[in-house]
Amino acid sequence: MAPVFALVDCNNFYVSCERVFNPGLAGKPVVVLSNNDGCVIARSNEAKAIGIKMGVPLFMVRDLIKTHHVHVYSSNYALYGDMSRRVIEVLMQFSPDVEIYSIDEAFLDLAGFNGNLADYGRSIRATVLTWTGIPVSVGIAGTKTLAKIAGHIAKKSKKADGVLDLTTSSYQRDAALAITDVEEIWGVGRGYAGFLRSVGIKNALELRDAPENLIKKRMGITGLRILRELRGVSCYPLEQGPHSPQEITVSRSFKHPLADAADLSEAVAAYTSRGAEKLRQEHLEANVLAVFLLTDPYGKKDRYFNMKTVRLPFATNDTGELIGYAHSSFDEIYRKGFLYKKAGVIFRELSPDNCTQTSLFADHRKEKSGKIMEAFDSINSRFGRDSIRYAATGTAGDRKWKTVFQWRSPSYTTDWNQLPKVS
Ligand SMILES: [Mg+2]
């Protein structure tokens with residue numbers, strides 16, 4: 001069965017959330033600010049049109065805001081998290097498997113769907129709008145990377161009107177790739193974009209047609225995957241692929257559904273721990289944490305999905321602290337009697353770990369936590385992942401949720417204990 005993915009992306013998500021509860025904002029310029037009202041992190045189309053740039057500090061656009069009567073909101077993560085939950089709930093009716101990619105984006109598995117995919121996309125869009133009030137765009141393609149490109153064009157192009165299906169015409173696919181700059185391709189960071197441009201590859205079409213060995217030599221296996229995905233060969237199933245630059249999500253499907261709170265909370269702790277490692281690797285801290293649980297869509301029992309988003313009292317990348325918050329969110333959303341298929345954690349509003357505003361009292365805590373985490377990471381990088389870990393992530397041999405990894409090939413290149421053996 002050929003893979004088909006839909007990327008559903010909420011348009012100007014935070015602004016759209018504010019508009020649901022304040023319809024008077026329709027057609028007016030609106031911006032939403034980051035933590036402590038520092039920077040602009042969401043803009044309505046009208047705010048974009050008057051030249052307010054993403055990420056700009058508030059004080060730099062004060063005049064623009066005054067002249068154009070821009071409506072300004074502090075970020076309200078409890079609201080955005082809940083609206084995100086509602087959107088996902090609607091999306092679950094359109095696909096047996098949904099990947100929550102970020103607060104405002106989800107991938108749907110549409111493999112095996114017979115019917116007109118573009119019509120289906122339009123019905124997804126209309127239903128989400130009617131039931132939640134949030135406008136979305138839908139990109140459909142045979143790989144996640146192409147679906148991202150389709151979604152991007154669906155949002156911008158008047159003709160597409162929010163939905164673009166790239167599965168039917170290769171002519172249309174080529175045209176879509178040709179108008180996509182390399183910087184906009186999923187997983188191509190700034191560094192790789194610089195390299196690609198230096199060898200004359202400016203857009204996704206040129207990258208697709210580039211020689212594999214050149215890309216592999218300079219961009220490794222990641223580059224090769226991007227190239228193949230652009231060629232229509234699916235390399236990323238749901239739950240895999242580059243993470244969003246603004247968020248880190250760790251989510252897995254269990255091999256066998258789980259019912260027990262103890263097993264599930266172990267899985268949540270383990271995903272939190274993995275996410276915290278990623279944060280520290282990238283020298284980031286999270287300000288917002290979301291935990292979600294999803295039941296088996298094919299199961300005979302009732303379906304249940306819930307997600308809890310909390311703003312943390314201070315930005316952190318400390319595994320122990322994050323597990324504590326993840327567990328209290330888990331306790332709020334876990335319901336007995338369901339068979340769960342998937343759990344995940346999302347870290348949001350990431351800030352660099354060197355310039356976090358801390359209170360006087362938090363400084364001591366931070367210093368201590370930083371040293372512990374440094375030791376934790378260096379032991380695990382030397383002796384292999386999970387050489388030491390938090391007890392909350394479960395004891396060896398008894399981690400039911402872990403069975404999903406049983407067919408995974410060894411980490412030949414990143415774990416001393418799993419080096420390939422020569423006999
Ligand atoms: Mg969006």
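For this chain, numbers begin at 1 and follow the sequence in order. Indexing begins at 1, ligand by ligand and atom by atom, following the structure's order.
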**Message:** Test of understanding: with salt bridge (charged side-chain N to carboxylate O under 4.0 Å, His left out), list the residues that count as partners of R311, not counting sequence neighbours.
**Reply:** E349
**Request:** Determine the interplanar angle of the Y14 and Y80 rings, folded into 0 to 90°, and report it as parallel if under 30°, tilted if 30 to 60°, perpendicular if over 60°.
**Result:** parallel
**Item:** Side-chain donor/acceptor of E332 to backbone N/O of K308, under 3.5 Å
**Value:** no
If you look only at distance, which donor and acceptor atoms sit under 3.5 Å apart when one is on a side chain in residues 50-64 and the other is two or more places apart or in another chain?
none

Exercise answer: donor-acceptor pairs, residues 212-223 side-chain atoms, under 3.5 Å, sequence neighbours excluded:
unit_1, atom_1, unit_2, atom_2, d
E212, OE1, R228, NH2, 3.2
E212, OE2, R228, NE, 3.4
E212, OE2, R231, NH1, 3.2

**Fill in**
Taking 2.8 Å as the strict upper bound, the Mg ion (ligand 1) has protein N, O or S neighbours numbering 3
**Asked** Parallel, tilted or perpendicular: which fits the ring planes of Y271 and F254, with parallel below 30° and perpendicular above 60°?
**Response** parallel
